[in-house]
Structure formats: C-alpha cells, structure tokens
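One structure below.
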Amino acid sequence: MNIKEMQKLAYDNKVKKGFNIDNIEMEFCYLYGEIAEAYEAYLRKKEDLGEELADVTIYLMGLSEILGIDLQKEIELKIEKNKNRVYKVENKVATRISEK
C-alpha cells in the first residue's frame, strides 16, 4: 500500500467514525496534540512510541486528504529538493546556505 492509498483510508475512517473533517484549525490542533503525545512517549521511554508516531502520521494523512494534497507526491518532491540543498552544521544545528 502506498501513502496515497493510506491517506484515503485515514480519511475514510474519519468519515465512517464521524470524526471532524470540516474544521481545519481543529485538525492542526489534533495533529499538534499527537506530536506532543509522541514526544512524551519518547521522553518517558514508553514502549508505545511507535504507535504514537503512527498516530501523528495518520492525522497528517487525514488532514492532507481533507485539503486535497497528494502527500506521497509532496514527500517525493521535498526529498528530491533536500538532496540539492547545502547545509552548514554547527553544534548539531543545520543552517541552509545554498541550493544546487
């Protein structure tokens, strides 16, 4: 299954369960909450970190479907774009200095 198919499944599940598909601002808040849960799982070294990261991804896929964004295509384009960027790293902080 590719990302585009998973994105559609995430959206279909939201519709089937009666979850929000109209309030975009609320969806961003839910996504933020899922990221916070994943971070907490990481900090506390909880065994469900992978599940929390999956929740983040599922919320992102659902939001992408609501907005009509082909997330798979966007990820592929962004990975290609990032390949051509040049960064300077100081103290583990990367700063983009140019694009090829």
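The first residue in the sequence is number 1, and the count goes up from there. Quick caveat: nothing in here was measured; it's all calculated off a predicted structure.
A heavy-atom distance below 4.5 Å is found between the side chains of Ile24 and Leu63. Between Glu34 and Glu37 there is a side-chain heavy-atom pair separated by less than 4.5 Å. Between Lys4 and Asp70 there is a side-chain heavy-atom pair separated by less than 4.5 Å. Considering only heavy atoms from C-beta on, Ile21 comes within 4.5 Å of Tyr11 through its side chain. Val56 places none of its side-chain heavy atoms less than 4.5 Å from the side chain of Tyr39. Side chains of Leu67 and Glu27 form no contact here, defined as non-hydrogen atoms less than 4.5 Å apart. For the pair Val93 and Val89, the minimum side-chain heavy-atom distance is 4.5 Å or more.
Here Ile58 contributes atom CD1 and Leu31 contributes atom CG; the two are 12.0 Å apart, rounded to the nearest 0.5 Å. Atom-to-atom distance recorded for Leu9:CG and Met1:CE is 5.0 Å, nearest 0.5 angstrom. Asn13 CG to Phe19 CZ: the interatomic distance, rounded to the nearest 0.5 Å, is 6.5 Å. Rounding to the nearest 0.5 Å places NZ of Lys14 at 7.5 Å from OH of Tyr30. To the nearest 0.5 Å, atom CZ of residue Phe28 and atom CG of residue Leu60 are 8.5 Å apart.
A salt bridge between Glu51 and Lys46 is absent, with no side-chain N of the basic residue lying under 4.0 Å from a carboxylate O of the acidic one. Between Lys8 and Asp12, at least one side-chain nitrogen of the basic residue sits less than 4.0 Å from a carboxylate oxygen of the acidic one, meeting the salt-bridge criterion. Between Lys78 and Glu76 there is no salt bridge, since none of the side-chain N atoms of the basic residue sits less than 4.0 Å from a carboxylate O of the acidic one.
Across Leu71 and Met61, no two heavy atoms sit closer than the pair CD2-CG, 4.2 Å. Across all their heavy atoms, Ala10 and Gly62 have their closest contact at CB-N, 4.0 Å. Shortest non-hydrogen contact noted between Gln72 and Ile3 is OE1-N, 2.9 Å. The two residues Ala38 and Leu49 come nearest to each other via the heavy atoms O-CD1, 3.3 Å.
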Verdict with reasoning, Glu80 to Leu77, per side-chain contact (heavy atoms from CB on, under 4.5 Å):
CA-CA 5 Å; Glu80 201 55 41; Leu77 289 170; 5.8 Å; no
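Put simply, Ile79 and Val86 are part of two different groups of oily side chains (I, L, V, M, F, W, Y) that touch within less than 4.5 Å, one to the next.
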